[in-house]
Amino acid sequence: STSVLSSADRLEIPNYKYHGGDLSLMYKYALSPFAQFCVDQYTPQSIAPNVLTFAGLLASVLSLVVTLLVNPSLGSGAPRWLHVFTAVCIFVYQTLDNMDGKQARRTGSSNALGMLFDHGCDAINSSITMIPICSVLGMGWSFKVVFFSMICGQLVFYFATWEEHYLGSMILPIINGPSDGLLLAVLTCLTSAWRGSQWWSQVLTVIPLSSLPGVIQWAVNVLKFDIQRDSQLLPVTPFSLLLTASLLPVVSTLLTHLYKVMHSIITDTSHHPKSNHNQRKPTSIISKLFQMVKAVADLSPFIVYFTSMLVYFSQSDQALQLYGPYLILFMGSTFSELTAHIMLAHICNRPIDPIRRYTAWSTVYFPLYLLMGKDQKTALLSLGIVNSECMMVYTLSIMSAVVASV
């Protein structure tokens, strides 16, 4: 039988030491002191840190379940107490996520597998929180909201994990998702509870689409913002402002991650996997260029997954409406497997293996299905598949969940 951990990996795990930090001012002056207070005053030393981590994930799962029961359409008709409940669940998750590390240091139980479990739960949470946020914004199973969640959640989280593998530490920037992003999500929930979720779609003003740069015009069309086609006017809504305000720090953060990894390779300060421990650090331009190409190649499974899902959601009219929960299950499982592999490679001091990320590569089937002609889809129906898109979604969802759990 095959094992996730080799004998060499098991020897590396006890030597692992976590190095990280959070430069957010909100974390430094509010979130961290509050989490420390909760640990010191209300958390017995007998409570394992992983219990706090899992309890935080359960808060997110509870928010997901209640949302699907109360507002399955994720439309603007949800009761306002549901938005308050979602805000509480997000804040509880954030607080417990901050508490688990402090409890581990307090009890002297910090270890590599605890970090892996913590980051794994964070990866799962970044996926399942999409659905409650769709409900909070009152936009239904909307591609725009899923795009917003994937950009601010999964994209930033994956690049931070990738950077940690190459630099040996995870230093969150002064504006980041786990601290400021989740607080913004809480504020968004409370705003919906106060003004109603339909407020996010109210038109504040309109601007001529032609007055915007070409790349923004392209993004507006891809994201399917409601454009007044006759006059080519773009309505400005609170949601569009929220999306714009969120994208700016996201782009800055991604560029920072890329720069730090490339700079560490150029200056020979990157963290090298154990396969290179007995070799001299590369000094030639060619060897450094090879490492830079390898670092970018390590991102390829996520880039394929991310691009394929966005293309599929933006082009398929029925994807989210008919298969929303299954697609979120697929995305959560695939993203968790991707991040877990990088974290495990980091802990075990081994290179990332992008080739064997099979569930991520399988996402190309989604946009490819949309490219199939009518005759090809009819051929699938003649083989006894009542709804080939339905079968594709269900099969890949189950497969990704099984792979992620292994």
Side-chain angles (χ1 to χ4, degrees), residues 8-9 11-13 15-24 27-28 101 110 112 115-116 118-120 122-123 126 151-181 248-306 335 338-357 360:
D9 292 337
L11 294 176
E12 288 286 342
I13 288 178
N15 300 324
Y16 173 79
K17 300 294 182 183
Y18 175 73
H19 300 283
D22 191 334
L23 302 181
S24 168
Y27 176 82
K28 180 178 180 180
S110 299
M115 190 280 289
L116 181 64
D118 180 27
H119 284 24
D122 292 340
S126 68
I151 287 286
C152 298
Q154 293 187 351
L155 184 62
V156 174
F157 186 87
Y158 191 82
F159 269 69
T161 307
W162 171 73
E163 178 194 301
E164 181 183 19
H165 177 77
Y166 276 92
L167 271 65
S169 61
M170 179 180 284
I171 307 297
L172 299 176
I174 193 169
I175 299 178
N176 62 74
S179 297
D180 309 278
L248 294 177
V250 166
V251 172
S252 174
T253 299
L254 294 180
L255 293 177
T256 301
H257 289 316
L258 284 169
Y259 169 78
K260 290 169 68 175
V261 171
M262 296 302 138
H263 181 264
S264 69
I265 293 175
I266 293 173
T267 58
D268 286 339
T269 57
S270 62
H271 173 77
H272 293 275
K274 63 186 178 185
S275 59
N276 295 329
H277 276 182
N278 296 326
Q279 303 176 12
R280 185 178 179 181
K281 283 188 175 182
T283 55
S284 69
I285 296 178
I286 295 179
S287 58
K288 289 180 179 180
L289 181 61
F290 176 80
Q291 280 212 4
M292 294 171 69
V293 171
K294 172 63 170 66
V296 174
D298 290 339
L299 293 171
S300 57
F302 176 79
I303 293 174
V304 169
Y305 151 77
F306 187 82
F335 181 69
L338 283 171
T339 53
H341 170 72
I342 291 187
M343 289 183 287
L344 195 59
H346 174 59
I347 290 172
C348 298
N349 211 12
R350 70 188 187 194
I352 297 173
D353 182 9
I355 302 300
R356 298 175 63 185
R357 311 280 58 85

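Below, each value reflects all heavy atoms present in this structure, side chains not excepted, and no hydrogens, waters or symmetry copies.
Nearest heavy atom pair, residue Glu164 against residue His346, reads O-CE1, 3.4 Å. Among all heavy-atom pairs drawn from Ala295 and Trp162, the shortest one is O-NE1, 3.0 Å. Scanning all heavy atoms of the two residues, the minimum distance from Pro301 to Ala297 falls at CD-O, 3.8 Å. Summarising the geometry of Ile171 relative to Gly20, their closest heavy-atom pair is CD1-C, 3.7 Å, with the distance given to 0.1 Å. Scanning both residues, Ala340 and Leu116, for their nearest heavy atoms gives O-CD1, 4.1 Å. Considering every non-hydrogen atom in both Asp180 and Ser24, the closest pair reads OD2-OG, 3.0 Å.
Put simply, the side chain of Asp268 reaches to within 4.5 Å of the side chain of Lys288, judged on heavy atoms. Annotation: side chain of Pro178 is in contact with side chain of Leu172 (closest heavy-atom distance under 4.5 Å). For the pair Gln154 and Thr339, the minimum side-chain heavy-atom distance is 4.5 Å or more. Here the side chains of Asn176 and Asp22 are in contact, with some heavy-atom distance below 4.5 Å. For the pair His119/Met170, a side-chain contact is recorded, criterion being any heavy-atom separation below 4.5 Å from C-beta on. Side-chain contact between Phe159 and Thr253: absent, with no pair of heavy atoms (C-beta onward) separated by less than 4.5 Å. Two residues are said to be in side-chain contact when any heavy atoms from C-beta on lie closer than 4.5 Å; Lys260 and Thr256 meet this criterion.
In this structure, Tyr158 and Phe335 have tilted ring planes: the angle between them lies in the 30° to 60° band. The aromatic rings of Tyr16 and Tyr18 sit tilted relative to each other, their planes meeting at an angle between 30° and 60°.
In this structure, the ring-ring contact (aromatic ring centres under 6.0 Å, His included) partners of His263, at least two apart in sequence or on a different chain, are Tyr259. Lys294 is linked by a salt bridge (charged side-chain N to carboxylate O under 4.0 Å, His left out) to Asp298, counting only residues two or more places apart in sequence or in another chain.
Going from atom NE2 of His257 over to atom OG of Ser252 covers 9.5 Å, rounded to the nearest 0.5 Å. The CD1 atom of Ile266 sits 9.5 Å away from atom CG of Leu289, with the distance rounded to the nearest 0.5 Å. Rounded to the nearest 0.5 angstrom, Ile342 CD1 and Ile347 CD1 are separated by 12.0 Å. Interatomic distance, Ser264 OG to Glu163 CD, rounded to the nearest 0.5 Å: 8.5 Å. Atom CG in Leu344 sits 11.5 Å away from atom CG in Asp353 (nearest 0.5 Å). In this structure, the separation between CD1 on Ile285 and CE on Met292 is 11.0 Å, given to the nearest 0.5 Å.
Here the side chain of His19 pairs no donor or acceptor atom with the backbone of Gly168 at under 3.5 angstrom.
Within a 6.0 Å radius of CD1 in Ile175, other residues, nucleotides and ligands contribute 12 heavy atoms or fewer. Summarising the local packing, CG of Leu248 is surrounded by more than 12 heavy atoms from other residues, nucleotides or ligands at distances under 6.0 Å.
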